[in-house]
Amino acid sequence: MNLNVLIIYLLAILPFSALAQEQKLTASEINTFKRDMAAQPVVKTLVADFTQFKKVGFVKNDIISTGKFYVKHPDKLAWYYTSPTNYKMIFNDRKIFINEKGKTKTLDLGRSKQFEKISQAIQANLGEGSFDSADFKTTYLQTAHTYIVQLEPSGKEVKKALKQLRLTLDKTTFRILEINIVDPAGGYTKFKLENHKINTRIDDKIFVL
């Protein structure tokens, strides 16, 4: 097999190989997943390092950022970006607070269906919620080491801002490993979470600008 034929062969099988790694859960497996999730210790707080990969328009390479992610049950989330620039995005009291280069702005969470649903989905992972919602078509998948909860919005308003939300969870610990947000234009924002700290004290000042 010459090199050109080999390349064509690999290009032909790779998409199918990638798809084969993810399999839909059966109804029985979904029930087991939900039962096992509910049996996990309640997570009151979460702190993790994140790496963000953002695909925008026709830009070839992902834009990569890093920082710290904070969650405090039941309704506080914060992304503290530290590289390449300092940037803060905080979800608190049904509002989104953003600080960029010293300038602060506030958005009503209820008016941003995309952020509202993302917030709700992440909170569901903390052990007291459910991923099933009338606002989403929920698909449960798995690989050898992870569960994947795939959420596709059903409402027209949410569809305008969000095509798909995917949460990847560790099969053993049920911790969120990745959050992948796909927009209607085909761009995406993926957060990879590492170094999780569960139920440690988080000062409320973290969620205030």
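Positions are given from 1, in the same order as the sequence printed here.
Looking at heavy atoms from C-beta onward, R201 lies out of side-chain contact with T45 at the 4.5 angstrom threshold. No side-chain heavy atom of L169 sits less than 4.5 Å from a side-chain heavy atom of L177. With a 4.5 Å cut-off on side-chain heavy atoms, F174 and D36 count as touching. Contact check for I30 versus T32: no side-chain heavy atoms found under the 4.5 Å cut-off. Within the 4.5 Å cutoff, the side chain of T139 has heavy atoms near those of the K24 side chain. You'll find the side chain of Y87 reaches within 4.5 Å of the side chain of I98, heavy atoms only.
Of all heavy-atom pairs spanning K72 and I202, the tightest one is NZ-O, 3.1 Å. The shortest heavy-atom contact between F136 and L162 is CE2-CD2, 4.1 Å. When all heavy atoms of P153 and K159 are compared, the closest pair comes out as O-CE, 3.1 Å.
Put simply, CD on Q23 and OG1 on T26 are 10.5 Å apart, with the number rounded to the nearest 0.5 Å. Note that the CD1 atom of I179 and the NZ atom of K190 stand 12.5 Å from one another [nearest 0.5 Å]. Separation of atoms CG (L209) and CD1 (I96) is listed at 12.0 Å; rounding is to 0.5 Å. In this structure, OG1 on T168 lies 9.5 Å from CG on L141, to the nearest 0.5 angstrom. Separation of atoms CZ (F69) and NZ (K197) is listed at 15.5 Å; rounding is to 0.5 Å. Note: I181 CD1 to L165 CG = 6.0 Å, rounded to the nearest 0.5 Å.
Listed for the H196 side chain is a donor-acceptor partner under 3.5 Å among the backbone atoms of I176. Side-chain atoms of D203 never come within 3.5 Å of backbone atoms of I206 as a donor-acceptor pair (strictly under, hydrogens ignored). Remark: the backbone N or O of K105 is not paired with any side-chain donor or acceptor of N99 at under 3.5 angstrom.
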Let me check something: any side-chain donor-acceptor pairs from residues 57-68 under 3.5 Å, sequence neighbours excluded? List them with distances.
unit_1: D62; atom_1: OD1; unit_2: Y188; atom_2: OH; d: 2.8
unit_1: D62; atom_1: OD2; unit_2: Y188; atom_2: OH; d: 3.1
unit_1: K68; atom_1: NZ; unit_2: D49; atom_2: OD1; d: 2.8

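M89 and F207 sit in two unconnected hydrophobic clusters of ILVMFWY residues. Membership requires side-chain heavy atoms under 4.5 Å apart, directly or through other members. Linking ILVMFWY residues whenever their side-chain heavy atoms come closer than 4.5 Å, directly or via other members, leaves I90 and L77 in distinct clusters.
For K137, the NZ atom sits in a loose shell: 12 or fewer heavy atoms of surrounding residues, nucleotides or ligands are nearer than 6.0 Å. Heavy-atom neighbours of K55 NZ from other residues, nucleotides or ligands within 6.0 Å: above the threshold of 12.
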Problem set entry | CA sep, side-chain torsions, deciding dist, call: Q52, Y81, side-chain hydrogen bond (donor to acceptor under 3.5 Å, both in side chains) | CA-CA 9 Å; Q52 175 187 289; Y81 292 78; 2.4 Å; yes
Problem set entry | Worked check of side-chain hydrogen bond (donor to acceptor under 3.5 Å, both in side chains) between K95 and T106 | CA-CA 7 Å; K95 289 183 173 59; T106 304; over 6 Å; no
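Here F191 pairs with F50, W79 under the ring-ring contact (aromatic ring centres under 6.0 Å, His included) rule; sequence neighbours left out. Every residue was checked against the side chain to side chain donor-acceptor pair (under 3.5 Å) condition with E178, not counting sequence neighbours, and none meets it.
Under 3.5 Å, the side chains of D170 and T173 contain a donor-acceptor pair of N or O atoms. Side-chain N/O atoms of T146 and K171 include no donor and acceptor closer than 3.5 Å.
Proximity of the aromatic rings of Y140 and F33 is defined here by a centroid distance below 6.0 angstrom, and this criterion is met.
Note on E152 versus R166: no salt bridge recorded, every NZ/NE/NH1/NH2 to OD/OE distance being 4.0 Å or above.
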